[in-house]
Amino acid sequence: MNKITAFTTQHLQNLLDVWKSDYKLKTHDGEIRSIEMTKSYEVSGPITTANTFIINVCRMYKYMTVSKQGDTITLSISVKPETVDDFLAFCNKLQLQEQTSEDGLTT
C-alpha cells in the first residue's frame, strides 16, 4: 500500500476553507507535506472553564500541542495528508466545544 506523502489541491482547499484561523504550510521537495494549524483563545471566565476546555480539546485529536500562557490558550495542530479526515472531524468537535465554553473563552 502506498503512503500518501503530499496534499492534493482539493484536500488543501477543504482544510483551509474549514479552518478559520492561522496556519503554516510546510513543504519538502516542492510538495506540501504538512500543515500546522494554530488557534488562540483569550480566557475571560473562571480558570476552571479554561482548564476544562483544554482537557476536553486535548482528547479530540492525536497530533496537537495545547499551551496556556497568562490569559491565552493556543492550539497547535499538525495535519498530514493521511490525517485529513481525522482533522476535519476534529474541527466539527472543536466547534461544538467552543459553543459549550462560550462564556469563558473568546477567539
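Any value given below was found using the heavy atoms of this structure, including those in side chains, with hydrogens, waters and symmetry copies removed.
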Student: Donor-acceptor pair, distance only, cut-off 3.5 Å: does the side chain of Lys20 make one with the backbone of Asp17?
Tutor: yes
Student: Which heavy atom in Val79 sits nearest to a heavy atom in Phe7, and how many Å separate them?
Tutor: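 Closest approach of Val79 to Phe7, heavy atoms only: O-CZ, 3.4 Å.
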Student: Please tell me if the side chains of Ile77 and Tyr63 come closer than 4.5 Å, counting only heavy atoms from C-beta onward.
Tutor: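 Sidechains of Tyr63 and Ile77: no contact.
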Student: Do Val43 and Thr49 touch side chain to side chain, with heavy atoms closer than 4.5 Å?
Tutor: no
Student: Could you tell me if the side chain of Gln69 sits less than 4.5 Å from the side chain of Thr74, heavy atoms only?
Tutor: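 Heavy-atom side-chain distance check fails, nothing below 4.5 Å.
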Student: State whether Lys93 and Glu98 are salt-bridged, where the test is any N-O pair (Lys NZ or Arg NE/NH1/NH2 against Asp/Glu carboxylate O) under 4.0 Å.
Tutor: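 Looking at Lys93 and Glu98, the cut-off is not met.
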Student: Any chain of hydrophobic side-chain contacts (each under 4.5 Å) joining Ile73 to Leu96?
Tutor: no
Student: Tell me, do Val57 and Met64 make a side-chain contact under 4.5 Å, heavy atoms counted?
Tutor: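 Yes - at least one pair of side-chain heavy atoms lies under 4.5 Å apart.
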Student: Which pair of non-hydrogen atoms, one from Leu94 and one from Met60, has the smallest distance, and what is that distance?
Tutor: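 Looking at all heavy atoms of both residues, the shortest contact is N-SD, 3.9 Å.
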Student: Classify the angle between the aromatic ring planes of Tyr61 and Phe87 as parallel (below 30°), tilted (30 to 60°) or perpendicular (above 60°).
Tutor: perpendicular
Student: Work out which heavy atom in Trp19 is nearest to a heavy atom in Thr38; give both atom names and the distance.
Tutor: NE1-O, 3.4 Å
Student: To the nearest 0.5 angstrom, please state how far the CG atom of Leu75 sits from the OG atom of Ser40.
Tutor: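 If I round to the nearest 0.5 Å, the distance is 7.5 Å.
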Student: With a 4.5 Å heavy-atom cut-off, do Glu36 and Ser78 have their side chains touching?
Tutor: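 Not in contact.
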Student: So, are Glu31 and Arg33 salt-bridged, with charged N and O less than 4.0 Å apart?
Tutor: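 Answer for the salt bridge query: yes.
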Student: Measure centre to centre between the rings of Tyr41 and Phe53, then say whether the value is under 6.0 Å.
Tutor: yes
Student: Would the distance check show the side chain of Thr8 and the main-chain N or O of His11 forming a donor-acceptor pair, the cut-off being under 3.5 Å?
Tutor: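 The answer is yes, because a donor-acceptor pair under 3.5 Å joins these two groups.
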Student: Can you check whether Lys39 reaches Asp22 side chain to side chain, under 4.5 Å on heavy atoms?
Tutor: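 Sidechains of Asp22 and Lys39: no contact.
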Student: With the side chain counted from C-beta on, respond yes when Ile54 and Lys68 share a heavy-atom pair under 4.5 Å apart, and no when they do not.
Tutor: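 Yes, close enough: below the 4.5 Å cut-off.
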Student: Would you name the heavy atoms of Pro81 and Ala6 that are closest together and state the gap between them?
Tutor: CG-C, 3.5 Å
Student: First locate atom SG of Cys91, then atom CG of Asp86, and finally report the distance between them rounded to the nearest 0.5 Å.
Tutor: 11.0 Å
Student: Under the criterion side-chain contact (heavy atoms from CB on, under 4.5 Å), I'd like the reasoning laid out for Val84 against Asn14: C-alpha separation, chi angles, the key distance, then a yes or no.
Tutor: CA-CA 9 Å; Val84 168; Asn14 288 343; over 6 Å; no
